[in-house]
Asks: 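The structure is given below, and queries will be raised subsequently.
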Amino acid sequence: MGTTSDGDRPWESYHTVYTNAKAGMDGVDKERVQRVIYEMSKGSKYFENEQRKEAFLKQRIERMHAQCAKLTTNDIAHFQMIADKRILESEAARDLSKIWLHSDMDAFYAAVEMLDNPSLKGKPLAVGSMSMICTANYEARKFGVRAAMPGFIARKLCPNLVFVPTNFDKYMYYSEMTRKVFRRYDPYFIATSLDEAYLNITDVCKERGVSSQEVAEELRNAIFEETSLTCSAGVAPNRLLAKVCSDINKPNGQFILPNERKAIMAFISSLPIRKIGGIGKVTEHILRDVLGINTCEEMLKKSAYLCALFSPCSIDFFISAALGLGSTDTPQFSLRKSMSSERTFSGTEDQSLLYQKLDEIADSLSNDMQIESLFGRTLTLKLKTASFEVRTRALSLQKYIQSKEDILSHATRLLKAELPLSLRLIGLRMSHFRDDKHGSGDPMQKTITSFIFSGDASENVLCDNHSAGTDTSDDPLIGNDLCFQDDQNVPSLGSRHPELVDEQCFNNDVDGWKKIDGFKSSAKTDEMEMYSRTESNVEVNETGKFPDNRAVYPSTREGLAFWIDDYICSLCGCELPPSFIEERQEHSDYHLAEMLQKEESTNNLSKLMQERPIDKGSSATGTSRKRQKSSPKGSKHIPIDFFFKRNKEV
DNA sequence: TTTGTCACGGAGG
DNA sequence: GAGGGCCTCCGTGACAAA
Ligand SMILES: Cc1cn([C@H]2C[C@H](O)[C@@H](COP(=O)(O)OP(=O)(O)OP(=O)(O)O)O2)c(=O)[nH]c1=O
Ligand SMILES: [Mg+2]
């Protein structure tokens, strides 16, 4: 495939994610690493699939090239005007009033393992398995070993590599210790994973009259004293930049970017675009090969071409990032949108075996859903063929389901339609959760709580980003767009982008519950045991929001009340065991109605509503892209039918 | 025109 | 000797129905 001569150096055309610059990889012999990876890979089904993907990407790049070539000078002038306008608008929204700190633990899982077993110190260590490693310590990184690399390749790179399986209990335990420190600096801190968090230290600096540099030092020292683990910190006026900064002097270092436009531009200009959260391997490749963009400065220079080639969403993201803009607000927490379970096994076309796998996965998903009292109505079957091609097949129901039996019966139908096939992975994902936590039911019937919080009542409140489901889109080859969205930092051809836009729902992490780097199973359950029942529920969501111990379960919209020890109402102390589902909902609705009454009398309802994941339309850095829903907003008075408006679902 | 559904892929930890 | 994870989020485009 390579247009260049693959002939004598074939490994150079096998692009992996492993050669990307990363902390601890400085002195690595990259050519050797590339070669070893290539040698271990070539000929494998995985490798062939990667090549297929690369070929598609190449076609895509060629199409974009052609598109560029067709532009007349007139066109370019036109797009330059559009770009300049966007640049001006973005610049006008620059907010330098906040100070954000991003904290990132160093080789977190590996560091915890070394702490737990000091004999590992000084040895190259990988956490994970022979098929995939989660992270590696800095000794191992010298050999090119890193996260997301298969263990058998890592061992080839570093024959003395020690493997340790993951222990999420431990990581959660230490993570919680670090969060206790974070909490002291910003009770609303945003945890984006077990080992990363954003803290708004504006007030700390102001109130104590200390510099952000001092706060960063103090915080890192506190973490070290309390956990014996090191971390790195980045300080900047927004989260996008803070995240970039924390990587600069990693490990065990910090970097402060002052809140001055000049300093920011100097910093960002020479920054390789790949350092920006949301620009991954593919986006980097496209921007480099199509437009010759490698740095943020170049991105700005080529802004007219960006406007010609990409969607408004992507354009905004690129331009904002190139200007060093990012989110400065503290986002509202958001609810879980999907939950999934998937398993890889050795490829087979034995149908009874495949149905058995499906059974296990349905069971696992159902259990997970029960733990969080979730009922969903969109089920997506995911398959990976023996040749690594991925397919998804979805189905939306009238009713919300949770039981294994229900899940399995629908999943079986979906699978049946695809067989025969030789598969290596089966997965199930549930989405479109009910707005409250109870049993099945007709989507038409909502409780007051769910009705109000769901946004049917006042659209502008919603976070429900995109109109549709969570599974999405088709034919990636048609558009060029990369799309970014918000959150911490992460865009890509269809992924969230970072810090830029503020708005809408951020899922500040969600981690903590399952996903967690991919080894959820034990994670979720353990976390439940560990935290719930103490004040931990807070922990879970606390990823940012409820410093006052007003626990709220993740992804449930039960309303204002939650159940202490799972049976005492947090608001009035009345006791209702979990099995009293209907009663509980009524009870919760009662508190909500009561509250609404109070709120309304003080004209504050709109404020209450906005406390949910919200819009914020055009916030400071507001690059918000979202399709805006037209909605009557801002009305102070609530008409009675507000409470009875029908929900539009099927 | 708007809204919902579905498929696919990028991204990050 | 072969072997390449698991979870969550999101945007886009195609298509159908309202
Ligand atoms: C990339 C990746 C990371 N992880 C986990 C393991 C890591 O400890 C954690 C953070 O990932 P990394 O960003 O790779 O960082 P790290 O903490 O291991 O090391 P450092 O920050 O010093 O570079 O996320 C996974 O579980 N799966 C993955 O695929
Ligand atoms: Mg880290």
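These numbers come from the heavy atoms of this one structure, side chains and all, not from hydrogens, waters or symmetry mates. These numbers come from a predicted model, not from an experiment. Convention: sequence-line order gives letters A, B, ...; per-chain numbering from 1.
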Asks: Could you pick out which residue, R274(A) or S396(A), lies toward the 5' side of DNA chain B when each is mapped onto its nearest nucleotide?
Replies: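 First, find each residue's nearest nucleotide; the 5'-ward one identifies S396(A).
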Asks: Is the closest basic N to carboxylate O distance between R393(A) and E418(A) below 4.0 Å?
Replies: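 Between E418(A) and R393(A) there is a salt bridge, with a charged N closer than 4.0 Å to a carboxylate O.
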Asks: Counting distance only, does the side-chain N/O of R239(A) pair as donor-acceptor with the main-chain N or O of D329(A) below 3.5 Å?
Replies: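 Yes; judged by distance alone, with no hydrogens or angles, the pair exists.
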Asks: Could you tell me whether the phosphate oxygens of dC7(C), OP1 or OP2, come under 4.0 Å of any side-chain nitrogen or oxygen in R343(A)?
Replies: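 Yes.
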Asks: Calculate the interatomic distance between Y171(A) atom OH and dC7(C) atom C1'; express it in whole Å.
Replies: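 For the pair Y171(A) OH and dC7(C) C1', the rounded distance is 17 Å.
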Asks: May I ask you to say whether K156(A) pairs ionically with E39(A), meaning some side-chain N is under 4.0 Å from a carboxylate O?
Replies: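 Between E39(A) and K156(A) there is no salt bridge, as every charged N stays at least 4.0 Å from the carboxylate O atoms.
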Asks: Where each residue is assigned the nucleotide of DNA chain B containing its nearest heavy atom, which of R393(A) and D104(A) is assigned the position nearer the 5′ end?
Replies: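 Nearer the 5' end of the strand: R393(A).
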Asks: Are K382(A) and dT8(C) close enough that a side-chain N or O sits under 4.0 Å from OP1 or OP2?
Replies: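 No, K382(A) has no side-chain N/O under 4.0 Å of OP1/OP2 on dT8(C).
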Asks: Please check this pair: side chain of R146(A) against backbone of Y18(A), looking for a donor-acceptor N/O pair closer than 3.5 Å.
Replies: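 A pair under 3.5 Å: yes.
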Asks: Which of parallel (below 30°), tilted (30 to 60°) and perpendicular (above 60°) describes H102(A) and Y198(A)?
Replies: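 The rings of H102(A) and Y198(A) sit tilted, inter-plane angle from 30° to 60°.
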Asks: Salt bridge check, E50(A) against K53(A): does any charged N sit closer than 4.0 Å to a carboxylate O?
Replies: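 Salt bridge: yes.
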Asks: Which atoms of nucleotides 2-4 of chain C (N or O only) lie under 3.5 Å from a protein N or O atom, and what are those distances?
Replies:
from   : atom 1 : to      : atom 2 : distance (Å)
dG4(C) : OP1    : R424(A) : NH1    : 3.4
dG4(C) : OP1    : R424(A) : NH2    : 2.0
dG4(C) : OP2    : R424(A) : NH2    : 3.1
dG4(C) : O6     : S41(A)  : OG     : 2.3
dG4(C) : N2     : Y18(A)  : OH     : 2.7

Asks: Would you classify K281(A) as touching base, sugar-phosphate or nothing, given that sugar-phosphate means primed atoms plus P, OP1 and OP2, and contacts are heavy atoms under 4.0 Å?
Replies: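 It contacts sugar-phosphate atoms only.
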Asks: Based on Watson-Crick and G-U pairs with both distances under 3.5 Å, what dot-bracket line describes DNA chain C 5' to 3', crossing pairs as [ ] and inter-strand pairs as |?
Replies: .....|||||||||||||
Asks: Do you know which of K384(A), K357(A), K382(A) makes side-chain hydrogen bond (donor to acceptor under 3.5 Å, both in side chains) with E342(A)?
Replies: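 Result for side-chain hydrogen bond (donor to acceptor under 3.5 Å, both in side chains) with E342(A): K382(A).
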